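In what follows, a single structure is set out as C-alpha cells and then discussed.
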Protein chains: 2
Amino acid sequence: MTSSAFGDASALGDSPAQGDAAPRRATTIKDVAKKARCSIASVSRVVNDSGPVSTGLRRRIATAVAELDFRPSEVGRSLVLKRSRTIGVLVPSVTNPVFADCLAGLQETARRAGHAVLIAQSDYEPGREIEAIAPLIAERPAGLVLTVCDPAASAAHLRAATAGIPTVLLFNEAVAAGDAVVTVDNRGAGREIAEALIRHGHRRISFVAGRFAASDRARARFEGVGDALAAAGLPVAPPIEIDFIDGPDRIDLSDLLARSRPTAIVASNDLLAIGVVAALRRHGLAVPDDVSVAGFDGIAIGRLIAPALATIEWPARAMGAAAAAMLLDLVAGRGDAAARVVTLPHVWRPGGTLAGAPNVSR
Amino acid sequence: MTSSAFGDASALGDSPAQGDAAPRRATTIKDVAKKARCSIASVSRVVNDSGPVSTGLRRRIATAVAELDFRPSEVGRSLVLKRSRTIGVLVPSVTNPVFADCLAGLQETARRAGHAVLIAQSDYEPGREIEAIAPLIAERPAGLVLTVCDPAASAAHLRAATAGIPTVLLFNEAVAAGDAVVTVDNRGAGREIAEALIRHGHRRISFVAGRFAASDRARARFEGVGDALAAAGLPVAPPIEIDFIDGPDRIDLSDLLARSRPTAIVASNDLLAIGVVAALRRHGLAVPDDVSVAGFDGIAIGRLIAPALATIEWPARAMGAAAAAMLLDLVAGRGDAAARVVTLPHVWRPGGTLAGAPNVSR
DNA sequence: TTGTATGCGTTATCAG
DNA sequence: CTGATAACGCATACAA
C-alpha cells in the first residue's frame with residue numbers, strides 16, 4: 001500500500017516493531033508539574049478543577065498538560081480514591097443479542113459518565129458466576145451490574161454485597177429488600193404470550209427453556225404461561241429443557257415431539273425460539289401452519305426473519321442504560337430508595353410465527 | 001460479620017440497604033500480615049509464590065489469607081507494576097454477532113490467563129475511535145485489541161503505539177511492518193463469493209456495505225468481488241452504501257433497485273445481508289427466486305433463518321481467542337515476529353439465499 | 001493562592 | 001529465610 005485513502009500513513013509506517021520498543025514511560029503528574037514549574041498539587045487541582053489556582057499558573061499548567069499529552073492514570077487515582085471509575089458487568093453470555101444490547105446501552109451511558117466497563121460471562125452456569133466476577137472485584141470497581149441465574153442463591157451477588165460494592169441486578173427479580181434492580185415483568189409477559197396463543201385457538205402449548213433451573217427469568221415466564229393456561233382451564237405441562245449451549249443450531253426436538261404434539265411452542269427467549277423454528281422445519285413441520293412459535297426478548301433479528309418472530313419485546317438497550325444510570329446514582333449516594341426497583345414496560349410484538357391452531361382456524 | 005461466607009444467605013436477607021451501608025474496607029495485605037504476625041513482604045511472597053518462605057510461616061499466612069478472604073487489589077498491583085492485568089478491546093459494535101463472538105472468545109481466554117477485559121465501541125465511526133479508547137488507555141491496560149475502521153489512518157491505533165501499549169488488530173489488515181494482527185483473507189473471500197455467484201449464472205451483481213469508507217474489511221471484500229467479476233469479463237459496479245446504523249430492519253433498497261436490477265446482492269456482512277433479504281421481500285422480491293443474496297461472517301443466526309444465508313464463515317470466536325493469546329504473548333515478550341500476522345481460514349457456506357440467476361437456470 | 005507531606009495497596013530491593 | 005522500606009501516580013489535608 002503506497003499512497004492513498006485517508007491522509008498519510010507514514011507516521012505508522014516506520015514505527016518500530018512493538019514489544020521490542022522500550023515501552024516509553026507514560027507522562028505523569030510529576031512531569032507536568034516540572035514543566036509548569038509548580039507542585040503536583042496544583043496540577044491535580046487544575047486537572048480535576050478542585051481548589052483554587054491563579055489564572056497564570058492555570059494557564060501554564062494547561063499548556064504543559066497539552067504539550068505533554070498528560071492523561072491522568074486511573075490506576076493512581078483509583079488507589080487513592082479506593083474505587084475506580086469502572087463498572088463490572090456480568091451477563092450469562094455476550095453472544096445472546098439481548099445481552100449484547102444491554103451491554104451496548106450500559107457501555108454507552110457508562111462512557112458518557114466517564115466510566116469504563118469490565119465484562120464477565122457466566123455461560124449460564126451458576127457455578128461460574130463467582131469465578132467470573134472475581135477478576136472484576138479485584139479491580140475495585142465503582143459498582144457491579146449482574147444478571148445472575150438465581151439472585152436468591154447467587155454466590156456472586158452475595159460476594160458483591162459482602163465486599164460492599166454497589167450492585168444492580170439486571171433482568172433478575174428483586175429478592176431482598178434493598179436490592180437494586182432493573183427488570184421487566186417476566187411473569188406478566190408469560191401470561192400475555194399465552195393469552196395470545198389461547199386467543200388463536202391453541203390448546204396444547206409447550207414451554208421450552210435452555211437451562212430452566214439456571215434462570216429465574218425462564219421460571220417466571222413459565223409461571224406466567226401457567227397462569228394464563230390455568231385461567232383458561234387448560235392443562236399445564238412441565239417445562240422442557242433444551243440444550244443449546246453449543247449454539248441454537250443444534251437443537252433437538254425429537255423428545256418433545258415424540259411425547260406430545262403441541263400446536264404451539266413458547267420458548268424462554270428469542271434465540272431459542274429461532275432455533276426451535278429451525279428445528280421444527282428439520283422435522284418437516286411448517287411454522288406457523290403446523291406449529292406456532294413465540295419467544296421473549298424482541299431481539300432485532302426476530303423482525304428480519306420470515307416469518308417474523310412473535311415475541312415479547314423489552315427495551316434491552318435502555319435497560320442496560322438504566323442499570324448503569326442507577327448504579328452511578330447508587331455510587332454517588334443518590335440511591336433514592338424508591339428508585340431501587342425499576343420495571344420497564346414490554347410490548348407484545350405479533351409475528352408470522354404465530355397463527356391459528358391447525359385444527360381450529362385453518 | 002458474625003457467621004460466614006458462602007452458603008449462608010442470611011447475610012443478604014437482613015443486609016442494610018446498600019449505599020447507606022458503610023462500604024466496609026476491603027482486607028489488605030497489611031491485615032493479613034498483622035494476623036499472621038509477619039511482614040507484608042512475606043505475605044506478598046506467598047500470595048505470588050515469589051521468593052522463599054518457611055513452611056511454618058507459609059501456613060500461617062495461608063490461614064490468614066483464607067480466614068480474611070484476602071484478595072489482592074489489582075489496583076495496587078497495577079500501580080507498582082505499571083501495567084494492569086486488563087485487556088482493552090475496541091469493536092465497532094457489540095451488537096453485531098460477529099463481534100460479540102470475538103468478544104466472547106477473547107474474554108474467555110483472557111479470563112483463563114487471569115486478565116480482565118475492558119470494552120469500548122466506535123459505532124463504526126472513525127472519529128469515535130479515539131475517544132472510545134481513551135478510557136481504556138487511562139486504565140493502563142496490559143494491551144489492546146482493536147478493530148478499527150482504517151488501520152492505516154487510525155488515530156486510535158497510532159495513540160496506542162505512541163503510548164507504547166502492545167496492540168493487536170483484529171479483522172483489520174496489517175498496514176505497517178510490525179503490526180500484530182489476527183485477520184482473515186477478506187479479499188480472497190470476496191473473490192470466492194463472487195465466483196460462486198458467477199457459477200450460478202449471475203451477471204448483474206451489486207455490492208452493498210454499511211459505511212463503506214469506514215471499513216477496510218468492506219473495501220477488501222469488495223475488491224475481491226471485483227477481482228472475480230473482472231476475471232469473468234463482467235462489469236464492476238461501484239459499491240452501494242446502505243445506512244443501517246439504526247438497526248438492520250430499516251434498510252431502504254429503493255435507490256438500488258431503481259437504478260439497477262441485480263440478480264444477486266453481496267452484502268459486506270451477514271447482519272446487513274439478513275436485512276437486505278428482508279428489505280427485498282418488502283419490495284415484493286423473492287429470495288432467491290428473484291434475487292440471490294450472500295454475506296460475510298457466518299454468524300450463527302444465518303444458519304437458522306429460512307432460507308439459510310449463503311455466506312463466508314470465519315471462526316470469529318477463535319479469532320477473538322487468538323487475538324487475546326497473541327496479545328498476551330506480546331506482553332510477555334514472547335512476541336515471535338513470525339507469529340505477528342495470523343490469518344485464519346474461512347469456508348464458503350452455501351445457503352438457500354443463493355440460487356441460479358432467474359433468467360438462466362430457472 | 002501555592003506547596004509539602006501523607007497515604008492509598010502492592011511489589012521489589014536490600015539488609016539482616 | 002525474613003523484615004523494613006522505597007517506589008508507583010495520584011488526591012488531599014494541612015501549612016505557609
Side-chain angles (χ1 to χ4, degrees), chain A residues 23-62 64-65 68-86 114 137-142 163-164, chain B residues 23-62 64-65 68-86 114 137-142 163-164:
Chain A
R24 165 173 46 286
R25 190 177 63 78
T27 84
T28 75
I29 199 174
K30 286 184 187 170
D31 302 325
V32 178
K34 186 184 297 178
K35 178 144 196 160
R37 307 184 312 278
C38 67
S39 72
I40 64 171
S42 293
V43 177
S44 178
R45 281 191 272 259
V46 335
V47 167
N48 301 312
D49 198 28
S50 62
V53 178
S54 68
T55 331
L57 181 52
R58 180 177 296 273
R59 188 161 41 227
R60 281 214 319 278
I61 292 176
V65 164
L68 297 175
D69 193 31
F70 170 63
R71 320 267 172 156
S73 162
E74 281 295 330
V75 178
R77 179 175 291 176
S78 300
L79 187 60
V80 45
L81 297 185
K82 321 263 281 184
R83 134 171 317 163
S84 76
R85 289 198 218 169
T86 281
I137 294 182
E139 297 289 345
R140 303 293 185 262
Chain B
R24 165 174 50 284
R25 190 177 64 77
T27 84
T28 76
I29 198 173
K30 286 183 186 170
D31 302 324
V32 178
K34 184 184 298 177
K35 178 145 196 157
R37 306 184 314 278
C38 67
S39 72
I40 64 172
S42 293
V43 176
S44 179
R45 280 192 274 260
V46 334
V47 167
N48 301 310
D49 198 27
S50 62
V53 178
S54 67
T55 330
L57 181 51
R58 181 177 297 274
R59 188 162 39 229
R60 281 212 320 277
I61 292 176
V65 164
L68 296 175
D69 192 30
F70 170 64
R71 321 268 172 158
S73 161
E74 282 295 331
V75 178
R77 193 190 313 244
S78 300
L79 186 61
V80 46
L81 296 186
K82 323 263 279 185
R83 132 171 319 162
S84 75
R85 288 199 215 167
T86 281
I137 294 183
E139 296 289 345
R140 302 295 185 262

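First the proteins, then the strands, lettered A, B, ... as listed; each starts at 1. Values reported hereafter were calculated over all heavy atoms of this structure, with side chains retained and with hydrogens, waters and symmetry mates removed. Remember, it's a predicted structure, so these values are computed and weren't measured experimentally.
- At its two ends the helix from C:dT1-D:dA16 to C:dG16-D:dC1 runs along axes set 50° apart, each axis drawn from five pairs and the angle rounded to 10°.
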Go through it in stages, so that I can follow the logic: the residues are A:Ser73 and A:Thr28, the test is side chain to side chain contact (heavy atoms under 4.5 Å, CB included), and I'd like the CA-CA distance, side-chain angles, deciding distance and then a yes or no. CA-CA 8 Å; A:Ser73 162; A:Thr28 75; over 6 Å; no
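- Residues passing the salt bridge (charged side-chain N to carboxylate O under 4.0 Å, His left out) test with B:Glu74 are B:Arg77, B:Arg85, sequence neighbours excluded.
- Using a distance-only test at 3.5 Å, with no hydrogens or angles considered, no donor-acceptor pair links the side chain of B:Arg140 to the main chain of B:Arg83.
- With sequence neighbours left out, the side-chain contact (heavy atoms from CB on, under 4.5 Å) criterion links B:Ser50 to B:Arg45, B:Asn48.
- Checked by atom type, the side-chain pair A:Glu139/B:Thr86 shows a donor-acceptor distance below 3.5 Å.
- The OG atom of B:Ser78 lies 9.5 Å from the CG atom of A:Leu79; values are rounded to the nearest 0.5 Å.
- With sequence neighbours excluded, the residues forming a salt bridge (charged side-chain N to carboxylate O under 4.0 Å, His left out) with A:Arg71 are A:Asp69, listed by chain and number.
- Atom CZ of B:Arg60 is separated from atom OG1 of B:Thr55 by 11.5 Å, given to the nearest 0.5 angstrom.
- Annotation: side-chain contact (heavy atoms from CB on, under 4.5 Å) contacts of A:Ile40 (sequence neighbours excluded): A:Ile29, A:Lys30, A:Ala33.
- Judged as a side-chain contact (heavy atoms from CB on, under 4.5 Å), and not counting sequence neighbours, the contacts of B:Val46 are B:Val53, B:Arg58, B:Ile61.
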Take nucleotides 5-16 of chain D nucleotide by nucleotide from the 5' end and write B, S or -, depending on whether a protein heavy atom sits under 4.0 Å from the base, only from the sugar-phosphate, or from neither. B--BBBBB----
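- Running 5' to 3' along DNA chain C, contacts with non-hydrogen atoms of chain A at under 4.0 Å begin and end at C:dT1 to C:dG9.
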